[in-house]
*Asks:* 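Quick one: the structure is below, and I'll ask about it shortly.
Numbering starts at 1 and runs along the sequence shown. Atom set for the values below is all heavy atoms of this structure, side chains included, hydrogens, waters and symmetry mates excluded.
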Amino acid sequence: MRKKDTGLKRAAKGLARIQLPVLFLLCLMMVGVTAGFLVSTDSALNRLSSGHNTAGIVESYAPPSSFAKGDEITKEVKVKNEGSVPCYVRVFAEVSDPEERNVIDIDYNTSEWIKKSDGYYYYSRILNTGEESTPLFKTLTAKADADGFKIICYSETVQAYGFGSAQEAFEKIR
């Protein structure tokens, strides 16, 4: 039985002579790989800025004391882009009293403003930062006496980037 024990011992020693150096080399390699991961750095600068889309109605209007049949009043309604990005503009403009709507004639600028079925007038160009649109209208004419009337003017804007037209841009934000 002693011969078997010595044979096993000899085999174990031979195996240990191979396994220990291999194990040592593997551990050494793992230290190098781990150190590589810990030491390795990578950075990227990702600058992100956001713009703001702000616009307001610019109006030139001096209310008259009376507005009799045949009278003309100067009233210019424009939109100014006060934001930091180019935008598309639309304006809703209408006489507030339904009875007065037929009494007042508004000379809408239909060459640069297009009225769509939703009741808004869409500006045909992109309004760049700091720019004012051309007037939606300039004069009001009384077809009959129209004292105390009011015109509602409401504007909306949407960033122009990524859209081919004003109507497309406004349809996408609904």
Side-chain angles (χ1 to χ4, degrees), residues 34 36-174:
T34 304
F37 278 116
L38 295 175
V39 173
S40 174
T41 61
D42 191 14
S43 66
L45 183 59
N46 187 7
R47 293 182 189 254
L48 178 67
S49 63
S50 62
H52 64 281
N53 183 13
T54 308
I57 292 179
V58 178
E59 190 175 41
S60 173
Y61 176 62
S65 56
S66 67
F67 195 39
K69 182 179 180 177
D71 286 352
E72 277 191 3
I73 300 173
T74 300
K75 181 176 174 85
E76 286 188 2
V77 173
K78 302 184 231 177
V79 177
K80 181 175 183 178
N81 183 352
E82 299 165 347
S84 63
V85 294
C87 60
Y88 286 115
V89 178
R90 71 179 180 179
V91 174
F92 179 82
E94 192 172 273
V95 177
S96 62
D97 184 359
E99 293 176 16
E100 298 282 331
R101 287 184 194 146
N102 297 329
V103 177
I104 298 168
D105 185 32
I106 303 172
D107 72 330
Y108 289 104
N109 175 355
T110 56
S111 64
E112 294 181 85
W113 291 87
I114 300 152
K115 187 172 185 179
K116 299 291 183 173
S117 60
D118 59 4
Y120 283 89
Y121 288 86
Y122 290 79
Y123 193 49
S124 61
R125 298 185 308 116
I126 293 174
L127 196 59
N128 290 312
T129 303
E131 282 185 344
E132 284 185 4
S133 68
T134 57
L136 174 59
F137 54 85
K138 290 183 181 179
T139 57
L140 309 174
T141 307
K143 296 179 189 175
D145 292 349
D147 293 330
F149 70 94
K150 292 181 183 176
I151 297 179
I152 298 168
C153 293
Y154 168 76
S155 71
E156 293 180 345
T157 60
V158 66
Q159 177 179 315
Y161 178 76
F163 301 105
S165 70
Q167 187 153 4
E168 176 190 351
F170 283 102
E171 284 175 359
K172 295 288 182 181
I173 63 168
R174 287 186 197 184

*Asks:* Specify the closest pair of heavy atoms between I57 and C153, including all atoms of both residues, with the distance to one decimal.
*Replies:*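 So the two residues come closest at CD1-O, 3.3 Å.
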*Asks:* What do you reckon, is OH of Y61 surrounded by more than 12 foreign heavy atoms closer than 6.0 Å?
*Replies:*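 Enclosed: over 12 neighbouring heavy atoms sit under 6.0 Å from OH of Y61.
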*Asks:* Using only atom types and a distance under 3.5 Å, with no angle test, would you say the side chain of S133 pairs donor to acceptor with the backbone of V79?
*Replies:*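 At least one qualifying donor-acceptor pair exists.
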*Asks:* How many angstroms lie between atom CD of E94 and atom CD1 of I104, to the nearest 0.5 angstrom?
*Replies:*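 It is 11.5 Å, given to the nearest 0.5 Å.
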*Asks:* Could you tell me whether the side chain of D105 and the main chain of T141 form a donor-acceptor pair under 3.5 Å?
*Replies:*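 Such a contact is absent between D105 side chain and T141 backbone.
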*Asks:* Taking F149's backbone N and O only, do any of them form a donor-acceptor pair with D97's side chain (distance below 3.5 Å, no angle check)?
*Replies:*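 No; zero donor-acceptor contacts below 3.5 Å.
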*Asks:* Can you name the nearest heavy-atom pair linking R90 to F170, along with the distance?
*Replies:*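 Distance-wise, the nearest heavy atoms are NE-CD2, 3.5 Å.
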*Asks:* Answer yes or no: is there a donor N or O on one side and an acceptor on the other, between the side chain of S124 and the main chain of E112, under 3.5 Å?
*Replies:*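 Checking the backbone N and O of E112 against the side chain of S124, a donor-acceptor pair under 3.5 Å is found.
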*Asks:* With ring-ring contact (aromatic ring centres under 6.0 Å, His included) as the test, would you mind laying out the steps for Y108 and Y121 before giving the verdict?
*Replies:* CA-CA 9 Å; Y108 289 104; Y121 288 86; 4.4 Å; yes
*Asks:* With a 4.5 Å cut-off on side-chain heavy atoms, are V95 and V103 touching?
*Replies:*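 V103 vs V95: side chains apart.
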*Asks:* Any donor-acceptor pair under 3.5 Å linking the side chain of D145 with the backbone of K69?
*Replies:*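 Confirmed, D145 side chain pairs with K69 backbone.
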*Asks:* Could you give the distance from NZ (K78) to NZ (K138), rounded to the nearest 0.5 Å?
*Replies:*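 Between atom NZ of K78 and atom NZ of K138 there are 8.5 Å.
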*Asks:* Is it the case that the side chains of Y123 and R125 hold a donor-acceptor pair, with the cut-off being a distance below 3.5 Å and no angle test?
*Replies:*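 Per modelled atom types, R125 and Y123 side chains form a pair under 3.5 Å.
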*Asks:* Looking at every heavy atom in both Y120 and E156, which two are closest together, and how far apart are they?
*Replies:*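 Taking Y120 first and E156 second, the nearest heavy atoms are OH-OE2, 3.5 Å.
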*Asks:* When rounded to the nearest 0.5 angstrom, what is the spacing between CD1 in I126 and CD in Q159?
*Replies:*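 The CD1 atom of I126 sits 10.5 Å away from the CD atom of Q159.
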*Asks:* Looking at every heavy atom in both T134 and W113, which two are closest together, and how far apart are they?
*Replies:*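 Of all heavy-atom pairs spanning T134 and W113, the closest is O-NE1, 3.1 Å.
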*Asks:* At their closest point, which heavy atom of P86 faces which heavy atom of N81, and how far apart are they?
*Replies:*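 Looking at all heavy atoms of both residues, the closest pair is CA-ND2, 3.9 Å.
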*Asks:* Is the side chain of S84 donor-acceptor paired with the backbone N or O of H52 at a distance under 3.5 Å, no angle test?
*Replies:*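 Answer holds: yes.
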*Asks:* Should I151 and V77 count as side-chain neighbours, where that means a heavy-atom distance under 4.5 Å?
*Replies:*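 Result no, sub-4.5 Å side-chain heavy-atom pair not found.
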*Asks:* How long is the gap from OG1 on T157 to CD on E82, to the nearest 0.5 Å?
*Replies:*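 Atom-to-atom, T157:OG1 and E82:CD are 10.0 Å apart.
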*Asks:* Ignoring hydrogens and geometry, is there a side-chain-to-backbone donor-acceptor pair from S60 to E76 under 3.5 Å?
*Replies:*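 Flag not set: sc S60 to bb E76 has no pair under 3.5 Å.
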*Asks:* Can you see which heavy atom on P64 is nearest to which on I73, and at what distance?
*Replies:*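 It is CG-CD1, 3.2 Å.
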*Asks:* For the atom pair CG (L136) and CD (E59), what is the distance rounded to the nearest 0.5 Å?
*Replies:*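 With rounding to 0.5 Å, CG (L136) is 11.0 Å from CD (E59).
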*Asks:* Under the 3.5 angstrom rule, does the side chain of D107 hit a backbone N or O of T139 as a donor-acceptor pair?
*Replies:*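 Side chain of D107 to backbone of T139, a donor-acceptor pair under 3.5 Å: yes, one is there.
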